[in-house]
Protein chains: 2
Amino acid sequence: MGIAERKLRQKEELRIMILDTAWQMVKQEGWHALSLRKISEAIEYSVPVIYDHFENKEAILLEFSRQGFALLTKKLIHAKEKEENPASQLQAIADAYWNFAFRNKEYYQLMFGLGMPCCDLDKCVPEKGAFRNLVMEPIERMIKANGKKKANACLKYHSFWSVLHGLVSIKMMGSAHAQDTLNKLVLEDAVSGFIKNLEG
Amino acid sequence: MGIAERKLRQKEELRIMILDTAWQMVKQEGWHALSLRKISEAIEYSVPVIYDHFENKEAILLEFSRQGFALLTKKLIHAKEKEENPASQLQAIADAYWNFAFRNKEYYQLMFGLGMPCCDLDKCVPEKGAFRNLVMEPIERMIKANGKKKANACLKYHSFWSVLHGLVSIKMMGSAHAQDTLNKLVLEDAVSGFIKNLEG
DNA sequence: TTACTTTTGCTAACGGTGTTAGGTAAATCC
DNA sequence: GGATTTACCTAACACCGTTAGCAAAAGTAA
């Protein structure tokens with residue numbers, strides 16, 4: 001009885017069709033523009049059939065998030081394998097991570113819940129400048145005091161902020177169960193590392 | 001002729017009423033739950049009056065984003081002023097930044113476009129584990145090789161990932177005009193700093 | 001006070017969204 | 001061939017942001 005199998009195959013095909021269509025939309029117009037009605041039109045089925053394949057809209061986005069993590073992992077493994085000693089491996093992983101993010105912006109945004117009503121931060125929120133000055137001033141003082149001519153304050157400012165924002169936003173996503181004590185330690189460790197690097 | 005002034009005052013009052021109501025909603029149910037219709041009901045005015053005070057819904061969120069930056073800046077200035085030498089200042093700023101973020105989650109999410117359809121990353125996406133193992137392995141090797149007993153691999157993993165994510169997401173928000181060359185440099189600088197810190 | 005003008009705020013609609021209930025017609029099974 | 005399951009659709013519900021157009025109130029000037 002190949003009927004059941006054929007049906008399963010057809011169902012799987014439709015599922016893939018939904019995902020392909022949805023992915024095209026996300027790539028072209030961003031994830032907020034994704035709509036079940038537009039998908040249903042593109043696949044030439046009515047809206048409720050989508051619910052036979054995905055519990056809801058979020059489940060479709062989640063599927064992409066999963067795909068994104070799978071792809072990222074693949075890339076990182078590949079990058080790591082090319083190197084032998086751990087320091088180079090970390091460097092390679094970092095590089096691959098960066099490349100993945102900007103070659104697959106849609107994935108990355110989906111994976112980490114980026115992208116919002118707020119447009120460019122720079123243009124809309126002048127207060128950002130005050131923050132920048134605030135952080136840059138002590139950095140510049142340290143650079144001067146330690147006579148590190150080649151150290152770029154602007155660069156260090158970005159680095160400093162990134163560490164902070166990265167820590168915060170990763171903890172915020174991970175939400176509840178992440179141990180509080182650990183996270184404060186991570187902050188201290190990262191910041192003291194940054195400072196040491198700026199001094200020595 | 002105090003009439004014009006009274007009207008201005010009343011208009012300002014209504015504006016504040018809108019913001020207060022909206023903020024309450026954001027705090028209670030998150031920024032996605034904010035709706036003009038619910039605001040209008042709460043302030044006991046019809047929906048279109050909101051448009052006399054804000055260009056659209058986004059403008060309301062943007063206002064909060066601005067408030068958030070103002071508050072953050074205030075906190076950081078305060079933290080910085082308490083310290084004298086620049087290293088301590090940076091430490092204090094980092095600490096205040098962290099505290100601000102978690103004492104004002106709603107602000108922070110609004111300011112940096114966090115929060116999305118995706119629920120907990122941990123539960124939904126098992127691929128995260130693979131990533132973790134991947135990064136942690138070379139870190140552990142380095143810790144062993146350098147005989148740094150007190151270095152915590154788990155902690156360092158968090159730190160490493162945070163640096164990466166922070167750099168990426170800040171660059172992604174700032175979008176277009178950020179110089180590419182600078183950003184790659186920031187990555188290199190931050191990662192090499194991390195590695196140096198792990199070695200020495 | 002009356003007549004005119006501006007402001008204010010409303011109703012109602014437009015075009016969207018995700019989600020679900022309920023029915024019909026086709027496909028499958030006995 | 002008749003019964004039953006499955007596939008699929010229509011239509012609705014309950015929302016959403018946004019805008020046009022109108023009525024009533026408030027202010028202005030004679």
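Computed from a predicted model, the values in this text were never measured in an experiment. The figures here come from the full heavy-atom set of this structure, side chains too, leaving out hydrogens, waters and symmetry mates.
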Would you mind building the protein contact string for nucleotides 11-17 of chain D? One character per nucleotide, 5' to 3', B for base within reach (heavy atoms under 4.0 Å), S for sugar-phosphate only, - for untouched. -B---BB
Quick one: do Lys7(B) and Glu12(B) make a salt bridge, cutoff under 4.0 Å?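 Salt bridge between Lys7(B) and Glu12(B), a charged N being under 4.0 Å from a carboxylate O: no.
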Can you tell whether the side chains of Glu137(B) and Arg141(B) come within less than 4.0 Å, N to carboxylate O?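 Looking at Arg141(B) together with Glu137(B), the answer is yes, because their closest N to O distance falls below 4.0 Å.
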[N] [atom2] sits how many Å from [X] [atom1], rounded?
X	N	atom1	atom2	result
Ile43(A)	dA7(D)	CD1	P	15 Å
Glu5(B)	dT7(C)	CD	P	16 Å
Phe54(A)	dT19(C)	CZ	C1'	16 Å
His32(A)	dG16(C)	NE2	C1'	16 Å
Ile50(B)	dT11(C)	CD1	C1'	15 Å
Asp52(B)	dA20(D)	CG	P	13 Å
Ile39(B)	dT18(D)	CD1	C1'	14 Å
Leu14(A)	dC9(D)	CG	C1'	14 Å

As an exercise, state the distance from OH of Tyr97(A) to CG of Leu187(B), rounded to the nearest 0.5 Å.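 Reported to 0.5 Å precision, the distance equals 11.0 Å.
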Working to the nearest 0.5 angstrom, can you tell me the gap between Leu134(B) CG and Gln89(A) CD? 8.5 Å
Report the C-alpha separation of Ile39(A) and Ile50(A) in whole Å, then their side-chain angles, then the decisive distance to 0.1 Å, and conclude whether the side-chain contact (heavy atoms from CB on, under 4.5 Å) test is met. CA-CA 9 Å; Ile39(A) 294 175; Ile50(A) 301 176; 3.9 Å; yes
5'-most contact on DNA chain C: Tyr45(B) or Glu55(A), nearest heavy atom basis?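 Closest to the 5' end, via its nearest nucleotide, is Tyr45(B).
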So, does Arg6(B) get its side chain near the phosphate of dG27(D), meaning an N or O under 4.0 Å from OP1 or OP2?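 Checking dG27(D) against Arg6(B), a side-chain N or O does come within under 4.0 Å of OP1 or OP2.
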Can you sort out the partners of Tyr107(A) under ring pair (Phe, Tyr, Trp, His ring centres under 6.0 Å), two or more places apart, ordered by chain and number?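 In terms of ring pair (Phe, Tyr, Trp, His ring centres under 6.0 Å), with neighbours along the sequence ignored, Tyr107(A) is linked to Trp23(A).
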